[in-house]
Amino acid sequence: AMTNVPTEDELHLELYRKMATIRRFEEEAARAYSRGLIGGFLHLYIGQEPVAVGTSAALRPDDYLLTTYRDHGVALARGMSPRTAMAELYGKVTGCSKGLGGSMHFFDTEHNMLGGYGIVGGHIPIAAGTAFASKYRGEDRVSVVFFGEGAVSIGDFHEGLSLAALWKLPIVFVSANLFEHEASRLAAQQCQAFVGTQVIDSELLQALEHALQLEWVRDNTPLAPSPEPAAGPSNPNDTPATLPDELRDIEGAVRQRAA
(Lines give C-alpha, C1' and ligand atoms only; values in the text may rest on other atoms or scores of the structure.)
Protein backbone atom coordinates (compact mmCIF):
# COMPACT_ATOMS: atom_id res chain seq x y z
CA ALA A 1 0.00 0.00 0.00
CA MET A 2 1.14 3.52 -0.74
CA THR A 3 0.63 4.60 2.86
CA ASN A 4 3.96 2.95 3.78
CA VAL A 5 6.22 5.18 1.63
CA PRO A 6 8.92 6.84 3.75
CA THR A 7 8.57 10.51 2.75
CA GLU A 8 5.83 12.86 1.70
CA ASP A 9 7.60 13.65 -1.60
CA GLU A 10 7.75 9.96 -2.50
CA LEU A 11 4.06 9.61 -1.65
CA HIS A 12 3.19 12.51 -3.93
CA LEU A 13 5.30 11.07 -6.72
CA GLU A 14 3.65 7.66 -6.40
CA LEU A 15 0.21 9.23 -6.41
CA TYR A 16 1.09 11.22 -9.52
CA ARG A 17 2.38 8.14 -11.32
CA LYS A 18 -0.84 6.28 -10.64
CA MET A 19 -2.96 9.18 -11.82
CA ALA A 20 -0.86 9.53 -14.98
CA THR A 21 -1.17 5.78 -15.65
CA ILE A 22 -4.96 5.98 -15.38
CA ARG A 23 -5.10 8.98 -17.72
CA ARG A 24 -2.94 7.30 -20.38
CA PHE A 25 -4.95 4.07 -20.05
CA GLU A 26 -8.22 5.88 -20.59
CA GLU A 27 -6.88 7.80 -23.57
CA GLU A 28 -5.80 4.56 -25.24
CA ALA A 29 -9.14 2.97 -24.41
CA ALA A 30 -10.93 5.90 -26.07
CA ARG A 31 -8.82 5.47 -29.22
CA ALA A 32 -9.55 1.74 -29.35
CA TYR A 33 -13.27 2.38 -28.86
CA SER A 34 -13.35 4.92 -31.70
CA ARG A 35 -11.78 2.29 -33.96
CA GLY A 36 -14.44 -0.27 -33.06
CA LEU A 37 -12.07 -2.54 -31.14
CA ILE A 38 -14.08 -2.33 -27.89
CA GLY A 39 -17.72 -3.39 -27.87
CA GLY A 40 -20.59 -2.21 -25.71
CA PHE A 41 -20.29 0.94 -23.64
CA LEU A 42 -17.13 2.75 -22.57
CA HIS A 43 -17.32 5.01 -19.51
CA LEU A 44 -14.02 6.85 -19.06
CA TYR A 45 -12.55 8.02 -15.75
CA ILE A 46 -10.72 11.04 -17.20
CA GLY A 47 -10.82 13.92 -14.74
CA GLN A 48 -11.61 11.78 -11.70
CA GLU A 49 -8.19 10.17 -11.26
CA PRO A 50 -7.46 11.88 -7.91
CA VAL A 51 -10.62 10.41 -6.36
CA ALA A 52 -9.62 6.78 -6.89
CA VAL A 53 -5.91 7.28 -6.23
CA GLY A 54 -6.38 9.36 -3.09
CA THR A 55 -8.93 6.94 -1.68
CA SER A 56 -6.78 3.89 -2.37
CA ALA A 57 -3.84 5.59 -0.67
CA ALA A 58 -5.84 5.82 2.55
CA LEU A 59 -6.97 2.19 2.49
CA ARG A 60 -5.30 -1.06 3.47
CA PRO A 61 -5.00 -3.92 0.97
CA ASP A 62 -7.62 -5.97 2.84
CA ASP A 63 -10.25 -3.20 2.78
CA TYR A 64 -13.12 -3.45 0.29
CA LEU A 65 -13.89 -0.96 -2.46
CA LEU A 66 -17.01 -0.80 -4.65
CA THR A 67 -17.82 1.72 -7.34
CA THR A 68 -20.09 2.78 -10.18
CA TYR A 69 -19.91 1.79 -13.84
CA ARG A 70 -17.07 4.32 -14.34
CA ASP A 71 -14.65 1.83 -12.86
CA HIS A 72 -11.46 1.55 -14.92
CA GLY A 73 -9.53 4.12 -12.88
CA VAL A 74 -10.70 2.64 -9.58
CA ALA A 75 -9.49 -0.83 -10.55
CA LEU A 76 -6.09 0.50 -11.65
CA ALA A 77 -5.71 2.59 -8.50
CA ARG A 78 -6.48 -0.45 -6.38
CA GLY A 79 -3.73 -2.49 -8.04
CA MET A 80 -5.11 -4.15 -11.17
CA SER A 81 -2.58 -4.30 -14.00
CA PRO A 82 -3.32 -2.18 -17.10
CA ARG A 83 -2.88 -5.32 -19.25
CA THR A 84 -5.63 -7.16 -17.36
CA ALA A 85 -7.92 -4.14 -17.48
CA MET A 86 -7.45 -3.59 -21.21
CA ALA A 87 -7.98 -7.30 -21.88
CA GLU A 88 -11.38 -6.99 -20.23
CA LEU A 89 -12.31 -4.07 -22.47
CA TYR A 90 -11.31 -6.14 -25.50
CA GLY A 91 -13.49 -9.03 -24.30
CA LYS A 92 -10.59 -11.41 -23.75
CA VAL A 93 -10.64 -14.31 -21.34
CA THR A 94 -7.51 -12.88 -19.70
CA GLY A 95 -9.54 -9.88 -18.52
CA CYS A 96 -10.48 -9.33 -14.89
CA SER A 97 -14.02 -10.64 -15.51
CA LYS A 98 -12.99 -13.19 -18.14
CA GLY A 99 -14.03 -10.77 -20.87
CA LEU A 100 -17.70 -11.06 -19.91
CA GLY A 101 -18.10 -7.86 -17.89
CA GLY A 102 -16.72 -5.24 -20.19
CA SER A 103 -16.30 -1.60 -19.26
CA MET A 104 -18.95 -1.40 -16.54
CA HIS A 105 -18.25 -4.61 -14.65
CA PHE A 106 -14.62 -4.78 -13.57
CA PHE A 107 -14.06 -7.13 -10.61
CA ASP A 108 -10.84 -7.98 -8.83
CA THR A 109 -11.00 -10.19 -5.74
CA GLU A 110 -7.21 -10.21 -5.39
CA HIS A 111 -7.23 -6.48 -4.61
CA ASN A 112 -10.68 -6.44 -2.96
CA MET A 113 -12.15 -4.26 -5.68
CA LEU A 114 -15.63 -5.76 -5.58
CA GLY A 115 -17.01 -4.48 -8.79
CA GLY A 116 -18.28 -1.72 -10.95
CA TYR A 117 -22.07 -1.65 -11.16
CA GLY A 118 -24.28 -0.44 -13.99
CA ILE A 119 -27.36 0.57 -11.99
CA VAL A 120 -27.15 4.06 -10.52
CA GLY A 121 -27.17 3.73 -6.73
CA GLY A 122 -27.84 -0.01 -6.89
CA HIS A 123 -24.41 -0.90 -5.54
CA ILE A 124 -24.75 1.06 -2.29
CA PRO A 125 -26.71 -1.64 -0.41
CA ILE A 126 -24.16 -4.18 -1.67
CA ALA A 127 -21.39 -2.13 -0.05
CA ALA A 128 -23.44 -1.95 3.14
CA GLY A 129 -23.64 -5.74 2.93
CA THR A 130 -19.86 -6.16 2.75
CA ALA A 131 -19.50 -3.84 5.73
CA PHE A 132 -22.17 -5.80 7.60
CA ALA A 133 -20.25 -9.02 6.88
CA SER A 134 -17.03 -7.48 8.24
CA LYS A 135 -18.75 -6.33 11.43
CA TYR A 136 -20.63 -9.58 11.87
CA ARG A 137 -17.40 -11.59 11.59
CA GLY A 138 -15.48 -9.19 13.82
CA GLU A 139 -12.99 -8.28 11.08
CA ASP A 140 -10.95 -5.08 11.11
CA ARG A 141 -11.88 -4.18 7.53
CA VAL A 142 -13.52 -1.13 6.01
CA SER A 143 -15.75 -0.90 2.94
CA VAL A 144 -15.57 2.20 0.76
CA VAL A 145 -18.18 2.91 -1.89
CA PHE A 146 -18.16 5.59 -4.60
CA PHE A 147 -21.31 7.21 -5.89
CA GLY A 148 -22.31 10.33 -7.79
CA GLU A 149 -24.84 12.96 -6.80
CA GLY A 150 -27.37 11.32 -9.11
CA ALA A 151 -27.64 8.40 -6.68
CA VAL A 152 -29.19 10.48 -3.89
CA SER A 153 -32.61 10.28 -5.54
CA ILE A 154 -32.49 6.47 -5.68
CA GLY A 155 -34.15 4.39 -2.97
CA ASP A 156 -31.12 2.09 -2.66
CA PHE A 157 -29.02 5.06 -1.56
CA HIS A 158 -31.31 5.79 1.38
CA GLU A 159 -31.65 2.13 2.30
CA GLY A 160 -27.88 1.62 2.32
CA LEU A 161 -27.16 4.71 4.42
CA SER A 162 -30.01 3.93 6.81
CA LEU A 163 -28.66 0.46 7.59
CA ALA A 164 -25.09 1.77 7.84
CA ALA A 165 -26.14 4.42 10.35
CA LEU A 166 -28.42 2.08 12.32
CA TRP A 167 -25.78 -0.61 12.81
CA LYS A 168 -22.73 1.71 12.73
CA LEU A 169 -21.19 -0.30 9.93
CA PRO A 170 -17.49 0.07 9.02
CA ILE A 171 -18.19 1.89 5.74
CA VAL A 172 -17.23 5.19 4.12
CA PHE A 173 -19.40 6.70 1.38
CA VAL A 174 -17.45 8.81 -1.12
CA SER A 175 -19.46 11.22 -3.27
CA ALA A 176 -17.31 11.83 -6.36
CA ASN A 177 -18.68 15.01 -7.93
CA LEU A 178 -18.14 18.74 -8.43
CA PHE A 179 -18.40 20.52 -5.09
CA GLU A 180 -19.68 23.76 -6.59
CA HIS A 181 -22.63 22.02 -8.23
CA GLU A 182 -26.05 22.37 -6.57
CA ALA A 183 -26.63 18.61 -6.82
CA SER A 184 -23.46 18.06 -4.79
CA ARG A 185 -24.75 20.23 -1.96
CA LEU A 186 -27.99 18.25 -2.10
CA ALA A 187 -25.99 15.02 -1.76
CA ALA A 188 -24.25 16.35 1.37
CA GLN A 189 -27.58 17.43 2.87
CA GLN A 190 -29.08 14.01 2.19
CA CYS A 191 -26.14 12.28 3.90
CA GLN A 192 -26.38 14.52 6.96
CA ALA A 193 -30.02 13.54 7.36
CA PHE A 194 -28.98 10.09 8.58
CA VAL A 195 -28.33 9.95 12.30
CA GLY A 196 -24.86 8.60 13.00
CA THR A 197 -23.29 9.76 9.75
CA GLN A 198 -20.64 12.46 9.42
CA VAL A 199 -20.03 14.51 6.28
CA ILE A 200 -16.39 15.49 5.75
CA ASP A 201 -15.65 18.16 3.14
CA SER A 202 -11.90 18.68 2.71
CA GLU A 203 -8.86 17.46 0.77
CA LEU A 204 -9.61 13.88 -0.29
CA LEU A 205 -6.67 12.02 1.28
CA GLN A 206 -7.03 13.92 4.56
CA ALA A 207 -10.80 13.39 4.50
CA LEU A 208 -10.43 9.64 4.01
CA GLU A 209 -7.81 9.34 6.73
CA HIS A 210 -10.10 11.25 9.09
CA ALA A 211 -13.08 9.10 8.16
CA LEU A 212 -11.13 5.90 8.75
CA GLN A 213 -10.33 7.09 12.27
CA LEU A 214 -13.97 7.51 13.31
CA GLU A 215 -14.65 5.26 16.26
CA TRP A 216 -17.12 2.92 14.56
CA VAL A 217 -15.24 2.59 11.24
CA ARG A 218 -12.28 0.54 12.49
CA ASP A 219 -14.26 -0.99 15.33
CA ASN A 220 -14.10 -4.75 14.79
CA THR A 221 -16.57 -5.60 17.53
CA PRO A 222 -18.91 -8.14 15.93
CA LEU A 223 -22.67 -7.87 16.04
CA ALA A 224 -23.89 -9.99 18.94
CA PRO A 225 -25.56 -13.15 17.67
CA SER A 226 -28.91 -14.17 19.06
CA PRO A 227 -28.85 -16.81 21.81
CA GLU A 228 -28.82 -20.38 20.61
CA PRO A 229 -32.12 -22.17 21.23
CA ALA A 230 -32.22 -25.22 23.49
CA ALA A 231 -33.05 -27.36 20.44
CA GLY A 232 -33.02 -26.85 16.71
CA PRO A 233 -36.06 -25.21 15.11
CA SER A 234 -38.84 -27.63 14.31
CA ASN A 235 -39.80 -25.56 11.28
CA PRO A 236 -37.11 -24.96 8.65
CA ASN A 237 -38.73 -21.56 8.00
CA ASP A 238 -38.11 -20.38 11.56
CA THR A 239 -35.79 -17.43 11.98
CA PRO A 240 -32.13 -18.62 12.03
CA ALA A 241 -30.51 -18.25 15.42
CA THR A 242 -27.47 -16.51 13.91
CA LEU A 243 -29.36 -13.40 12.80
CA PRO A 244 -28.74 -10.26 14.87
CA ASP A 245 -31.66 -9.05 16.97
CA GLU A 246 -32.45 -6.18 14.59
CA LEU A 247 -32.92 -8.56 11.66
CA ARG A 248 -34.90 -11.01 13.78
CA ASP A 249 -37.28 -8.17 14.75
CA ILE A 250 -37.66 -7.09 11.13
CA GLU A 251 -38.28 -10.59 9.90
CA GLY A 252 -40.73 -11.27 12.72
CA ALA A 253 -42.71 -8.13 11.84
CA VAL A 254 -42.80 -9.12 8.19
CA ARG A 255 -44.01 -12.64 9.02
CA GLN A 256 -46.67 -11.30 11.36
CA ARG A 257 -47.95 -8.89 8.74
CA ALA A 258 -48.04 -11.63 6.11
CA ALA A 259 -49.93 -14.04 8.39
Exercise. Below 4.5 Å, heavy atoms only, C-beta onward: do V144 and I171 meet side chain to side chain?
Worked result: no

Exercise. With a 4.5 Å heavy-atom cut-off, do H158 and I124 have their side chains touching?
Worked result: no

Exercise. Short question: side chain of R70, backbone of H43 - any donor-acceptor pair under 3.5 Å?
Worked result: no

For this session: Could you tell me the separation between the NZ atom of K18 and the CD1 atom of I22, rounded to the nearest 0.5 Å?
Result: 7.5 Å

Problem set entry | M86 side, atom CE; L37 side, atom CG - distance, nearest 0.5 Å | 10.0 Å

Exercise. Going through the distances and angles, do M104 and T68 end up as a side-chain contact (heavy atoms from CB on, under 4.5 Å)?
Worked result: CA-CA 8 Å; M104 295 193 290; T68 68; over 6 Å; no

For this session: Report yes or no: does E88 contribute a side-chain atom to a donor-acceptor pair with the main-chain N or O of G101 at less than 3.5 Å?
Result: yes

Exercise. Can you find a heavy atom in the side chain of L65 that is under 4.5 Å from one in the side chain of F146?
Worked result: yes

Exercise. Taking all non-hydrogen atoms of both residues, which atom of L15 and which atom of A57 are closest, and how far apart?
Worked result: CD2-CB, 3.7 Å

Exercise. When hydrophobic residues are tied together by side-chain contacts of less than 4.5 Å, even through go-betweens, does I38 share a cluster with L100?
Worked result: no

For this session: Determine, step by step, whether N112 and R141 satisfy the side-chain contact (heavy atoms from CB on, under 4.5 Å) criterion, reporting the C-alpha distance in whole Å, the side-chain angles of both residues, the deciding distance to 0.1 Å, and the verdict.
Result: CA-CA 11 Å; N112 288 313; R141 305 172 93 169; 3.6 Å; yes

For this session: Please list all pairs passing the ring pair (Phe, Tyr, Trp, His ring centres under 6.0 Å) test where one or both residues lie in residues 93-126, with sequence neighbours left out.
Result: H72-F106

For this session: Mind checking the OG1-CD spacing from T21 to E26? Nearest 0.5 Å is all I need.
Result: 11.5 Å

Problem set entry | Non-hydrogen side-chain atoms of I126 and L66 separated by less than 4.5 Å | yes

Problem set entry | hydrophobic_cluster_shared for L89 and F41, side chain cutoff 4.5 Å | no

Seminar exercise, completed: What one should report as the nearest heavy-atom pair of G116 and D71 is CA-OD2, 3.4 Å

Problem set entry | Path from I154 to V145 over hydrophobic side-chain contacts below 4.5 Å | no

Problem set entry | P50 side chain near M19 side chain, heavy-atom distance below 4.5 Å | yes

Problem set entry | Test item: R23 and E27 side chains (from C-beta on) under 4.5 Å apart, heavy atoms | yes

Exercise. Would you say the side chain of L76 lies within less than 4.5 Å of the side chain of F25, judging by non-hydrogen atoms?
Worked result: yes

For this session: Quick one: closest heavy-atom pair of D156 and G121, and the distance?
Result: CB-O, 3.3 Å

For this session: Decide whether Y69 and V51 are clustered together by the hydrophobic rule: side chain heavy atoms of Ile, Leu, Val, Met, Phe, Trp, Tyr closer than 4.5 Å, transitively.
Result: no

Seminar exercise, completed: Between L42 and A29 the two heavy atoms that sit nearest each other are CD2-O, 3.6 Å

Problem set entry | Close side-chain approach of Y33 and L44, heavy atoms under 4.5 Å | no

Problem set entry | Whether T84 side chain and M80 backbone form a donor-acceptor pair below 3.5 Å | no

Problem set entry | Pairs involving residues 28-43, ordered by first then second residue, that meet salt bridge (charged side-chain N to carboxylate O under 4.0 Å, His left out) (sequence neighbours left out) | E28-R31

Problem set entry | Residue L13 excluded, over 12 heavy atoms near CG under 6.0 Å | yes

Exercise. Hey, does the side chain of S56 reach the backbone of V53 with a donor-acceptor pair shorter than 3.5 angstrom?
Worked result: no

Exercise. Does one hydrophobic cluster hold both V120 and Y45, with members joined at side-chain heavy-atom distances below 4.5 Å?
Worked result: no

Exercise. So F173 and F147, would you call those rings parallel, tilted or perpendicular, with 30° and 60° as cut-offs?
Worked result: perpendicular

For this session: Look at the side chain of E14 and the backbone N and O of H12, then say whether any donor-acceptor pair between them is shorter than 3.5 Å.
Result: no

Problem set entry | Under 3.5 Å donor-acceptor, D63 side chain and V142 backbone | yes

Exercise. Can you name the closest pair of heavy atoms from A128 and G160 and give their distance?
Worked result: CB-O, 4.1 Å

